[in-house]
Asker: 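Can you read through this structure? Questions will come right after.
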Protein chains: 2
Amino acid sequence: MLKMKDFEEHINTLRSLGLRPTKQRIKICEILFGKKATFHFTVNQLNEIYKKKFKSKISLATIYNTVHGFKKKGYLKEITLDGNKSYYDTNTLNHHHFYDEGEDKLIDIENFDVSLNSLPKAPLNKSIKSVELMIRLENNNHNQK
Amino acid sequence: MLKMKDFEEHINTLRSLGLRPTKQRIKICEILFGKKATFHFTVNQLNEIYKKKFKSKISLATIYNTVHGFKKKGYLKEITLDGNKSYYDTNTLNHHHFYDEGEDKLIDIENFDVSLNSLPKAPLNKSIKSVELMIRLENNNHNQK
DNA sequence: CTTATACTTTAGAATGATTATAAATTAATT
DNA sequence: AATTAATTTATAATCATTCTAAAGTATAAG
């Protein structure tokens, strides 16, 4: 059951980002920021979730616009994977990931599970913007008969 | 000045991979494995280098085929960056990278410049295939007036 | 050295993700 | 309620990549 409070919160979030609170954006907010747990998604997955949850269509262009807006404002983080599609993470704090190639799935790594002892220093006139670990996973039985 | 020895070496490399040594593949080998220093490239960049160096055209499809062949055989490594194009690295040893976003350029990090103290353990039935650090760089003056 | 076979290259079409466009709609302002 | 400015939308355009089928080339066999 959705409470008015949720809507208002999303509306305020959007306004604070300088984005008009449209029906579509509020719904995307409900999907992305409605639950406590953070999660990872592609634009296509977000589109599917939207269709199912609200039983209504939305233009992909709108999803791209909104996601880009959130990213620019720091409410979403794009994640680095090979291949040719982008993943987004609702957890914008600095953290690392497992990538399960078999299942094409990202898993957050808690920061206290990793300890980076020494880092290289940045080249002249550059500074470090972020440090991210990608740990690729494979199934244990990969070299069995 | 190219010596016959170089060609023969590339031909042997190709044969050992089960790839027929065609004109195109030998030339790609010259580009990729001819110099001592390793380097990073996209398929398009490789195409440009090929055109300039040999003053002849090559089909993009051939470049894709060859690069994929080398990758599958472990002679090239695909590198993970956001956006929608793939980078390849002639250094296939496990190592980390700086990514200079401004210049869209990858820089190798020597392994002894990084020390990872503790790693999270892999989820059940999974094991760690690779661990790679991506350190994003920005210009020092990014928040000056 | 010629022929047969399998592998390669090629141009161009097909695909899939993303971005651009321009008209219709909606939110905000007056 | 009317004006304006931003947004949504469907669709076209773009870009990297993969697919395809025909033409070309390397290898193996005679």
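A note on names: the letters A, B, ... follow the listed sequences, proteins ahead of strands, and every chain is numbered from 1.
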Asker: So which one's nearest nucleotide on DNA chain C is more toward 5', A:Asn44 or B:Gly18?
Answerer: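 Comparing both residues, the 5'-ward one is B:Gly18.
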Asker: Within this structure, what is the CG-to-P distance between B:Asn47 and D:dC15, rounded to whole angstrom?
Answerer: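 Distance check: B:Asn47 CG to D:dC15 P gives 15 Å.
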Asker: For a quick test of your reading: what N or O donor-acceptor pairs under 3.5 Å do the side chains of residues 106-116 of chain A make, sequence neighbours left out?
Answerer:
from	atom 1	to	atom 2	distance (Å)
A:Asp108	OD1	A:His40	NE2	2.9
A:Asp108	OD1	A:His95	NE2	3.0
A:Asp108	OD1	A:His97	NE2	3.1
A:Asp108	OD2	A:Thr38	OG1	3.4
A:Asn111	ND2	A:Asn94	O	2.6

Asker: A:Ile26 CD1 to C:dA27 C1': how many Å, rounded?
Answerer: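 One finds 11 Å between C1' of C:dA27 and CD1 of A:Ile26, rounded.
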Asker: Does a side-chain N or O of A:Arg20 approach OP1 or OP2 of D:dT8 to a distance below 4.0 Å, or not?
Answerer: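 Result: no.
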Asker: Does the B:Asn47 side chain pair with the main chain of B:Val43, one donor and one acceptor, at a distance under 3.5 Å?
Answerer: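 Between the backbone of B:Val43 and the side chain of B:Asn47 there is no qualifying donor-acceptor contact (under 3.5 Å).
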Asker: Could you tell me whether a side-chain N or O of A:Glu103 sits under 3.5 Å from a main-chain N or O of A:Asp100, the two making a donor and an acceptor?
Answerer: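 No, A:Glu103 side chain to A:Asp100 backbone: no donor-acceptor pair under 3.5 Å.
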Asker: With a 4.0 Å cutoff (strictly under), does any side-chain N or O of B:Thr22 reach OP1 or OP2 of C:dT9?
Answerer: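 Yes, such a contact exists.
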Asker: Mind listing the residues from residues 62-72 of chain B sitting with a heavy atom below 4.0 Å of DNA chain D? Number order is fine.
Answerer: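 Going residue by residue through residues 62-72 of chain B, the ones with a heavy atom under 4.0 Å of DNA chain D turn out to be B:Tyr64, B:His68.
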Asker: Less than 4.0 angstrom between a side-chain N/O of A:Gln24 and OP1 or OP2 of C:dT26, yes or no?
Answerer: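 Checking A:Gln24 against C:dT26: no side-chain N or O falls below 4.0 Å of OP1 or OP2.
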Asker: Within less than 4.0 Å of OP1 or OP2 of C:dT18, is there a side-chain N or O belonging to A:Ser86?
Answerer: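 A:Ser86 to C:dT18 OP1/OP2: side-chain N or O found under 4.0 Å.
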Asker: What is the separation between atom NE2 on B:His10 and atom P on D:dA26, rounded to the nearest whole Å?
Answerer: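 Checked: the NE2 to P distance equals 17 Å.
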Asker: Separation of B:Lys57 atom NZ from C:dT8 atom C1', in whole Å?
Answerer: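 Spelled out: NZ on B:Lys57 to C1' on C:dT8 is 20 Å.
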Asker: To the nearest Å, how far apart are B:Leu19 CG and C:dA6 C1'?
Answerer: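 Spelled out: CG on B:Leu19 to C1' on C:dA6 is 14 Å.
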Asker: Going by atom types alone, do A:Ser127 and B:Arg136 pair a side-chain donor with an acceptor below 3.5 Å?
Answerer: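 Checked: A:Ser127/B:Arg136 side chains show no N/O donor-acceptor pair below 3.5 Å.
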Asker: Please classify the nucleic acid contact of B:Thr42 as base, sugar-phosphate, or nothing, using heavy-atom distances under 4.0 Å.
Answerer: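 The answer is nothing, as B:Thr42 stays clear of every strand by at least 4.0 Å.
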Asker: Checking side-chain polar atoms at under 3.5 Å, does A:Asn139 have a donor or acceptor matched by the opposite partner on B:Lys126?
Answerer: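 Present: a donor and an acceptor within the cut-off.
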Asker: Taking only N and O in the side chain of A:Arg25, is any of them less than 4.0 Å away from OP1 or OP2 of D:dT7?
Answerer: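 Yes.
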Asker: Donor-acceptor pairs are to be reported for all side-chain atoms of residues 63-73 of chain A against protein atoms at under 3.5 Å, with residues two or more places apart or in another chain.
Answerer:
from	atom 1	to	atom 2	distance (Å)
A:Asn65	ND2	A:Ala61	O	3.4
A:Thr66	OG1	A:Thr62	O	2.8
A:His68	ND1	A:Tyr64	O	3.4
A:Lys71	NZ	A:Glu78	OE1	2.6
A:Lys73	NZ	A:Leu17	O	3.3

Asker: Expressed as a whole number of angstroms, how long is the span from B:Lys85:NZ to D:dT14:C1'?
Answerer: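 To the nearest whole Å, that distance equals 13 Å.
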Asker: Measure from CD1 on B:Ile58 to C1' on C:dT8 and round the result to the nearest Å.
Answerer: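 Computing the B:Ile58:CD1 to C:dT8:C1' distance gives 11 Å.
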Asker: Please determine, by modelled atom types, if B:Lys77 and B:Asn91 share a side-chain donor-acceptor pair under 3.5 angstrom.
Answerer: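 No, no side-chain donor-acceptor pair sits under 3.5 Å.
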Asker: Could you state the atom-to-atom distance from CD of A:Glu48 to P of C:dG16 in whole Å?
Answerer: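 From A:Glu48 CD to C:dG16 P: 14 Å.
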